[in-house]
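To start, the structure itself, in structure tokens.
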Amino acid sequence: MPDKDADKRAADLLHHRAQGLAKGDPIALPLVSSSMFHLPGDPDGAASYGRTNNPTCEALECSLSVLEDAPCLCFPSGMAAISAALFATLRAGQTLLIPSDGYYVTRLLADRFLAGLGVTVIQRPTCHFAEGGFDGIDVVFIESPSNPGLELCDIAAIARDVRRRGGKTIVDNTTMTPFGQRPLDLGADMIVASDTKAPGGHSDLLMGHVATRDEALHRAVLDWRTISGAVAAPNAAWLLHRGLETLELRFARMCHSAGILAAALIDHPAVINIRYPGLPSDSAHDLARRQMSTFGFLIGLTLPDKDQAERFIANCRLLRPATSFGGVHSSAERRARWGGCGA
Ligand SMILES: *Cc1c(COP(=O)(O)O)cnc(C)c1O
């Protein structure tokens, strides 16, 4: 599904800050690291303390809000954003549905912490996510395409069904970024994302964000952040702000390159299986065409054995052997090295 507003958002991202500038103000975003603010007399809503206010983080959130077309809150990592989203929406006695094949640490968070606090955690594979329905589920957490399996599920259909049954839908949009998929427009209540990946784009920061158009949810996530203290460092926020300014260009090129590589790899004799939503032969291709505006930059390859996989990664001059993705240095890893787990 083409994203007809992407060009406008990309331009707004670069120019929205100029509207608020006074003569002599810096064009590039200043990095403010102060934890204290000049605060005589009554607070009157002025900036007070670094856990509550930071101008660099707030400028970053304005940029993220332009990209998401929704109010955003930034966090020191993707997992901090996911924790905030889940802790702010769930109560003891409620039920959470998560993917069994999504980001491993999200499953750890649910099983080790939320389950212990009285939340019932259910897991389903992404490609059969809607089977069994959503009755009695308070929060449905989707990851599409999933990391690492690149499975998809129908975000619009699931969000509609969940809403009808009184639940909330949260989508982890890390693998697509706001330029590749628009979960809020598809009906989701909240987006979480790791900006450590493509938005940062240079493998030199960890950050994440939450986006929602639901005022009560936004407030709950903000309260979680201020009270738990999961606030981003201004330095990382400043770097991410800079990374966002080239995200559209980098993302388009990354997706284009991935499409060329996937088409070249599909007939390679050493490739036993390939997952890339852009390939017409991929099981998720039709759904990808409907709900994504591009097919992303991640490719999943199955090679005959461990040694061939390791040799491929070691001998490809253009690949860094590393966990994580989305930076200017293309990377690859043998996922099976983690067993059923992942970093
Ligand atoms: C990397 C990743 C996360 C976690 O993000 P961090 O910034 O590493 O905390 C969450 N979800 C997905 C899909 C990811 O790829």
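Whatever order the structure lists ligands and atoms in, that order sets their numbers, starting from 1.
In this pair, Phe325 and Phe297 present their aromatic rings tilted. The plane angle is within the 30 to 60° band. The aromatic rings of Phe295 and Tyr276 lie perpendicular to each other, with more than 60° between the two planes, well past the 30° mark.
Contact between Ser283 and Arg275 at its shortest, heavy atoms only, is OG-NH2, 3.1 Å.
At distances below 3.5 Å, not a single donor-acceptor pair connects side-chain atoms of Asp189 with backbone N or O atoms of Asp214. Here the side chain of Arg320 pairs no donor or acceptor atom with the backbone of Ser331 at under 3.5 angstrom.
Protein residues with a heavy atom closer than 4.0 Å to ligand 1 are Ser77, Gly78, Met79, Ile82, Tyr103, Glu143, Asn147, Asp172, Thr174, Ser194, Thr196, Lys197, Met207, Phe325, listed by chain and number.
Within the cation-pi definition used here (under 6.0 Å to the ring centroid, within 45° of the axis), Arg335 does not qualify as a partner of Tyr104.
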